[in-house]
Amino acid sequence: MEPVDFVEVLAQIDVETERLGWTMEQRREHLKKNYGKRSRTLLTEVELLEFLQYLASQPTPTLDEISDPLTGF
């Protein structure tokens, strides 16, 4: 098995969370709930790849599903 390039995986996680419109707080909540860790840098290699796979499997929100954090609309 090829070693994981953590920098690349972290960059891909950034891309996916941005695509989903997740805030830093949403990401932290997901990590705490699912892994008991506050930061993705604390995840094991397996957990990090699992988190990336989870994010990549989520559908891109439509414009109707995205609310403006400033107005709530």
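Side chains are part of it too, since the values below use all heavy atoms of this structure and drop only hydrogens, waters and symmetry mates.
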Does some side-chain heavy atom of Leu48 sit less than 4.5 Å from a side-chain heavy atom of Gln53? no
Across all chains, not counting sequence neighbours, the side-chain hydrogen bond (donor to acceptor under 3.5 Å, both in side chains) partners of Glu8 are Gln12
Tell me whether the rings of Phe51 and Tyr35 are parallel (<30°), tilted (30 to 60°) or perpendicular (>60°). perpendicular
Taking the side chain as every heavy atom from C-beta outward, state whether His30 and Tyr54 have any pair of such atoms under 4.5 Å apart. yes
Spell out, as yes or no, whether a donor-acceptor pair under 3.5 Å connects the side chain of Glu18 to the backbone of Val15. no
Is there a path from Leu42 to Leu49 through hydrophobic residues (I, L, V, M, F, W, Y) whose side chains come within less than 4.5 Å of each other? no
I'd like to check the salt bridge (charged side-chain N to carboxylate O under 4.0 Å, His left out) partners of Glu50; sequence neighbours left out, ordered by chain and number. none
Do Leu20 and Pro61 touch side chain to side chain, with heavy atoms closer than 4.5 Å? yes
Is Lys37 salt-bridged to Glu47, going by a charged N under 4.0 Å from an acidic O? yes
Any side-chain heavy atom of Phe6 within less than 4.5 Å of one from Thr41? no
Tell me if a side-chain donor or acceptor on Arg19 pairs with a main-chain N or O of Gln58 at a distance below 3.5 Å. yes
Closest heavy-atom pair, Lys32 versus Arg38, reported as atoms and distance to 0.1 Å, is CG-CA, 4.1 Å
Main-chain N/O of Ser39 paired with Arg27 side-chain donor or acceptor, under 3.5 Å: no
